[in-house]
Amino acid sequence: MPDDGRLICAEKVCKTYQTAETSGRLVLDHVDFSLFEGEIVAILGKSGSGKSTFLRVLAGLTPPTEGRVAYRGRAVDGPAQGIAMVFQTFALFPWLTVLGNVELGLEAQGVPRAERRQRALKAIDVIGLDGFESAYPKELSGGMRQRVGFARALVVNPDVLLLDEPFSALDVLTAETLRGDLMDLWIERRVPTKGIILVSHNIEEAVEIADRIIIFGSDPGHIRAEIPVTLPRPRDPASPRFQQIVDEVYAILTTVPGREAGRRGARGVEQVGIGYRIPAASIQQLVGLLDAISAPPYSGRADLPHLVESEHIEDEALFVLIEALQLLGFAQVAGGDIWATPVGRNFAEADLQTRKQIFADQLRRNIPLAAHIRKVLDERPGHSAPEGRFLAELEDHLSEEEAAEVLETMINWGRYAELFAYDYDRGVLSLENPT
């Protein structure tokens, strides 16, 4: 790969996780990506789309199964000097002080004691922790602990900074403050970093920070869309253009694959099959959101960013709920809006027993796994089957953990709809009333 001004270049990157039971699970599928000097790129996508895995591949922390990654024209075949990473969890050593935690990376690089002390103190000062050098992690708030994580990354003078949802474990105000401080450092060139890649689940955060937004699709992870953000900094979230970009991102992220009109390509139109990783949405949240959309002030149609704000829903949780509502046929999404379908409106207006019947009908019609489970239970002489039978079928398509999560969600949906019953102690699914 030539050094043509790109800091990082990924070509046809695939990542497959091998398991003892299956031939392997494809997590990333032929991802092509470049990070150019002077830019910030945000990566968005629903949970499980391979965003964090891709970041670790770029950092050299995990090797790709296929394809190549280069940093400044040189192949990345292990942790790369010049690339630093900040994780979602604080990952601090509790027995080390702030200064000790920040010095650790320099010590691993063999930097002399006097130099690493000087550089660590400077990084602590830059990130706003001056005065807390001798404090232990247990003495610090979540925001301050994450500042230690940033200082630990910045102390090695990274060319590229990789951020894996670094603000998601913080409260809203703390995250906003730390995000603003990071942007000040970037704009004022107070850090030597030439490029930043941010994995996030917060759409407004991505539009506020990034020069480009990459949206990942799922199962397996692939680049679904790329949106440039050319707004001057500092950016005004209330401006029409800012809101237009937010709406555009919402529209892409909340459209269920296979239900986009005319979406085709090398990957084809994705279909929902028995092995589809249905979203882990609770019945209470699904019903609550559909009721909210159907009632005033929305009366059946809502602007997604406004819905997030008024109902106090995090973006990641919203993606899960909206995907589930679309899969079940209760709602549709386009242009940054969500509206209830006729079936969804009927459900919202119905009494409890009618709701259950509507939900059961939609499950059998739209979710192949639900129809499959019910068919098996109908046909077996005792109208029951062990959950292990269905887990084994799901594990042909999903990891063991994902299969368990999908079946748990399916059981909860099926029990609510009275489509089948479940005995937790025995791990057996059955027809509640075989007749």
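Heavy-atom basis, side chains included; hydrogens, waters and symmetry copies ignored.
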Taking [Y]'s backbone N and O only, do any of them form a donor-acceptor pair with [X]'s side chain (distance below 3.5 Å, no angle check)?
{"X": "S49", "Y": "G217", "value": "no"}
{"X": "N101", "Y": "F93", "value": "yes"}
{"X": "Q326", "Y": "T254", "value": "yes"}
{"X": "Q146", "Y": "P166", "value": "yes"}
{"X": "D211", "Y": "I40", "value": "yes"}
{"X": "E39", "Y": "F36", "value": "yes"}
{"X": "E316", "Y": "S47", "value": "yes"}
{"X": "R233", "Y": "I209", "value": "yes"}
{"X": "T193", "Y": "P158", "value": "yes"}
{"X": "T341", "Y": "G329", "value": "yes"}

Would you call [X] and [Y] a salt bridge, using N to O less than 4.0 angstrom?
{"X": "K356", "Y": "E418", "answer": "yes"}
{"X": "R277", "Y": "E323", "answer": "no"}
{"X": "D378", "Y": "R374", "answer": "yes"}
{"X": "D164", "Y": "R56", "answer": "yes"}
{"X": "R190", "Y": "D184", "answer": "no"}

(Q) Between Q285 and S282, does the side chain to side chain donor-acceptor pair (under 3.5 Å) criterion hold? Intermediate values first, please. (A) CA-CA 5 Å; Q285 290 175 317; S282 76; 3.1 Å; yes
Do [X] and [Y] form a cation-pi contact, if we require the NZ or CZ to be under 6.0 Å from the six-membered ring centre and within 45 degrees of the ring's axis?
{"X": "R189", "Y": "W186", "value": "yes"}
{"X": "R179", "Y": "F167", "value": "yes"}
{"X": "K15", "Y": "F54", "value": "no"}

(Q) Can you confirm whether I215 sits close enough to K51 that some side-chain heavy atom of one is under 4.5 Å from a side-chain heavy atom of the other? (A)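 No, their side chains stay 4.5 Å or more apart.
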Q) So, do L198 and E165 sit near enough that their side-chain heavy atoms are less than 4.5 Å apart? A)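 No; the side chains remain at least 4.5 Å from each other.
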Using 0.5 Å steps for rounding, measure from the [atom1] atom of [X] to the [atom2] atom of [Y].
{"X": "R365", "Y": "L328", "atom1": "CZ", "atom2": "CG", "result": "11.0 Å"}
{"X": "K12", "Y": "D29", "atom1": "NZ", "atom2": "CG", "result": "10.5 Å"}
{"X": "T409", "Y": "I367", "atom1": "OG1", "atom2": "CD1", "result": "11.0 Å"}
{"X": "M410", "Y": "L394", "atom1": "CE", "atom2": "CG", "result": "10.5 Å"}
{"X": "S218", "Y": "F319", "atom1": "OG", "atom2": "CZ", "result": "11.0 Å"}
{"X": "I197", "Y": "L162", "atom1": "CD1", "atom2": "CG", "result": "5.0 Å"}

Q: On the 0 to 90° scale, with breaks at 30° and 60°, tag the F330-F347 ring pair as parallel, tilted or perpendicular.
A: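 Tilted: the ring planes of F330 and F347 meet at 30° to 60°.
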My understanding is that only residues two or more places apart in sequence, or in another chain, count here; which of them pass side chain to side chain donor-acceptor pair (under 3.5 Å) with [X]?
{"X": "R380", "result": "none"}
{"X": "S34", "result": "R6"}
{"X": "R145", "result": "none"}
{"X": "Q243", "result": "none"}

Please tell me whether [X] and [Y] have a donor and an acceptor in their side chains that are separated by less than 3.5 angstrom.
{"X": "E393", "Y": "H372", "value": "yes"}
{"X": "D159", "Y": "Y71", "value": "yes"}
{"X": "S200", "Y": "E205", "value": "yes"}

Q.
Does anything in residues 284-314 form a ring pair (Phe, Tyr, Trp, His ring centres under 6.0 Å)? List the pairs, not counting sequence neighbours.
A.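 Applying ring pair (Phe, Tyr, Trp, His ring centres under 6.0 Å) to every pair that reaches into residues 284-314, excluding sequence neighbours, yields Y298-H306.
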Q) For N412 and E408, what are the C-alpha separation, side-chain angles and deciding distance, and is it a side chain to side chain donor-acceptor pair (under 3.5 Å)? A) CA-CA 6 Å; N412 288 334; E408 181 181 0; 4.6 Å; no
(Q) Applying salt bridge (Lys or Arg N to Asp or Glu O under 4.0 Å) as the test, list every pair that has at least one member in residues 281-301; sequence neighbours left out. (A)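 Checked against salt bridge (Lys or Arg N to Asp or Glu O under 4.0 Å) - neighbours excluded - the pairs reaching residues 281-301 are D291-R355, R301-D337.
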Q: Begin with the C-alpha distance, continue with both residues' side-chain angles, and end with the deciding distance and a verdict on side chain to side chain contact (heavy atoms under 4.5 Å, CB included) for I203 and D247.
A: CA-CA 9 Å; I203 293 174; D247 284 347; over 6 Å; no
